[in-house]
Number of protein chains: 2
Amino acid sequence: MVKLLSSVQGYELFDGMSLEEANAMVECLDGHVISRDKGAAIFVEGSHANRFGAVLSGSLVVVKDGLDGKRIIIKRIGEKELVAAAQAFSGAKIMRVRVEADAPSRILILNAERVCSPCCNGCAFHARLVRNVMRIISAKTLELNAKIEILSHRTTDDRLLAYLHTFAEKCGSNEFDIPFDRQQLADFLCVERSALSAEVSRLARAGAFACHKNHFKLT
Amino acid sequence: MVKLLSSVQGYELFDGMSLEEANAMVECLDGHVISRDKGAAIFVEGSHANRFGAVLSGSLVVVKDGLDGKRIIIKRIGEKELVAAAQAFSGAKIMRVRVEADAPSRILILNAERVCSPCCNGCAFHARLVRNVMRIISAKTLELNAKIEILSHRTTDDRLLAYLHTFAEKCGSNEFDIPFDRQQLADFLCVERSALSAEVSRLARAGAFACHKNHFKLT
DNA sequence: TTACGTTTGTTGCCGTTCCAACATACTTGC
DNA sequence: GCAAGTATGTTGGAACGGCAACAAACGTAA
């Protein structure tokens with residue numbers, strides 16, 4: 001057996017499996033590893049959506065070309081995360097977005113149809129895998145809901161406050177470090193970086209929170 | 001056996017099952033039906049998130065109380081759709097939103113933990129059910145992605161055009177009826193109704209499309 | 001230290017949205 | 001038809017964000 005995986009540590013997809021079990025699983029799902037340089041495509045718009053991927057190293061971006069020629073970055077996908085899972089399991093026939101490497105990356109490509117089919121090899125972990133996939137996709141749905149709640153605010157300060165309070169709620173404390181620098185936070189909130197900086201200052205002066213760099217303390 | 005379902009027609013959750021099979025399934029999932037008047041809660045914030053629902057009749061809204069006291073409507077859920085599925089299958093322990101009836105409604109409540117557990121009664125449709133749930137949740141994820149793409153535009157006209165072009169792409173024609181009146185469309189795009197009306201007029205005058213009521217024809 | 005690049009904060013102008021109020025359709029029930 | 005209610009379109013003033021250009025703080029390497 002070819003061992004495509006060298007570790008299952010940190011992969012939600014393989015939660016509850018040993019390395020051997022996961023590698024058996026991978027073989028059962030037609031697994032193969034591809035490598036891509038920065039900018040190279042993993043999935044292109046219009047391609048058949050029956051495969052999904054797990055990022056082994058590097059990072060990807062999901063992009064959509066706007067009508068005006070502008071490229072919109074829909075999301076970033078980091079190591080050990082899944083890509084195109086929703087596409088593959090939704091029953092949609094073709095990809096409506098483009099996925100490309102944001103850095104030199106290695107991706108484990110898996111056949112989605114095999115996930116739900118009765119396992120030919122009688123491997124005992126399909127049920128576990130299905131539960132994991134369901135949990136991953138569901139969690140992603142919740143994340144997207146949270147993001148929509150933030151984006152439903154139109155002003156920069158409302159978006160910032162919604163983000164900070166959601167974050168505080170999630171981490172159970174009102175003092176925390178956010179995982180973004182200013183530019184990344186601006187991209188996430190879909191606002192201008194400079195306007196965001198200005199709002200951070202203004203709200204801090206107004207006493208809504210204290211902050212230094214990406215450390216925040218809500219009041 | 002109590003037959004809680006009188007039809008499986010239109011329920012993606014029971015796709016591929018007969019009415020008898022679906023009713024057996026429902027019993028296996030601890031199914032029971034609840035009724036709620038408009039405004040009454042189905043799930044409250046902070047409650048244990050191990051159940052989900054299928055709307056038998058009526059319609060629901062998922063709401064979140066903002067810090068400023070404003071209630072944000074996150075989404076509407078219509079007949080035969082699922083509610084709280086992502087919550088229940090994500091592994092999250094508690095609900096972070098509130099779900100209430102938007103009209104007098106009957107909801108079939110199901111136990112999410114039973115979906116993935118090996119079936120006690122040996123009923124043959126767990127695998128099918130799991131596939132259906134995965135497809136439903138995945139499709140929802142794609143919908144949310146599309147909405148985020150729309151909301152990532154900040155101007156009303158960009159949001160409107162993004163929505164219309166996405167819709168045209170989905171229905172495969174550039175002449176179509178949208179399922180919203182102006183107020184609903186404004187809510188969906190997170191913009192002001194009056195500003196939206198103004199933009200519709202302006203873009204129609206500018207020749208981007210022709211429109212009458214909710215019938216649009218892109219040029 | 002100096003020089004350089006990167007990140008973050010600040011400012012002014014201009015375009016757009018918000019909000020409220022009003023005007024004009026369209027629909028429904030009588 | 002008429003009236004009442006709802007949906008849609010229009011307008012003007014105030015507020016806000018986008019953009020560009022610049023200033024300040026920080027880290028790094030020669």
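Residue numbering restarts at 1 for every chain, and letters A, B, ... go by the order of the sequence lines. Just so you know, these numbers use all the heavy atoms, side chains as well, and skip hydrogens, waters and symmetry mates.
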Counting only side-chain N and O atoms of A:T156, is one of them less than 4.0 Å from OP1 or OP2 of D:dG17?
yes

I need the A:H215 NE2 to A:D177 CG distance, nearest 0.5 Å.
5.5 Å

Nearest whole angstrom, please: distance from the P of D:dG18 to the CG of A:L196.
10 Å

Whole angstrom value for the distance that separates P of D:dT8 from CG of B:D187:
12 Å

Contact class for A:S197 (heavy atom, under 4.0 Å): base, sugar-phosphate, or nothing?
base

Ignoring the backbone of B:S194, work out which of D:dT11, D:dG17, D:dA21 is nearest its side chain.
D:dT11

Can you tell me which nucleotide in C:dC18, C:dG9, D:dT8 comes closest to the side chain of B:R193?
D:dT8

Take the protein atom CG of B:N214 and the nucleotide atom C1' of D:dT8, then report the distance between them rounded to whole Å.
12 Å

Applying a 4.0 Å non-hydrogen cut-off, can you work out what A:R154 is touching in the nucleic acid: base, sugar-phosphate, or nothing?
sugar-phosphate

Can you tell me which nucleotide in C:dC19, D:dG18, C:dC26 comes closest to the side chain of B:K213?
C:dC26

Result for 5'-nearest mapping on DNA chain D, choosing between A:T155 and B:D181, is B:D181

Whole-Å distance between D:dC16 C1' and A:E192 CD?
13 Å

Could you tell me whether the side chains of A:Q183 and A:D187 share a donor-acceptor contact shorter than 3.5 Å?
yes

Rounded to the nearest 0.5 angstrom, the CG-CZ distance for B:L160 and B:F209 is 5.0 Å

Answer yes or no: is there a donor N or O on one side and an acceptor on the other, between the side chain of B:D157 and the main chain of B:E199, under 3.5 Å?
no

Aromatic plane relationship, A:Y163 with A:F180 - under 30° parallel, 30 to 60° tilted, over 60° perpendicular:
tilted

Nearest whole angstrom, please: distance from the C1' of D:dC26 to the NE2 of A:H212.
10 Å

Give the nucleotide from the list D:dT10, C:dT8, D:dT8 with an atom nearest to the side chain of B:R182.
D:dT8

Nearest-angstrom distance from the residue atom CZ of A:F216 to C1' of C:dT8:
12 Å

Round to the nearest Å and state the distance from B:D158 atom CG to D:dG17 atom C1'.
14 Å

Whole Å only: how far is the CD atom of A:E199 from the C1' atom of C:dT8?
15 Å

Mind checking if B:Q184 touches a base, just sugar-phosphate, or nothing, with heavy atoms under 4.0 Å?
nothing

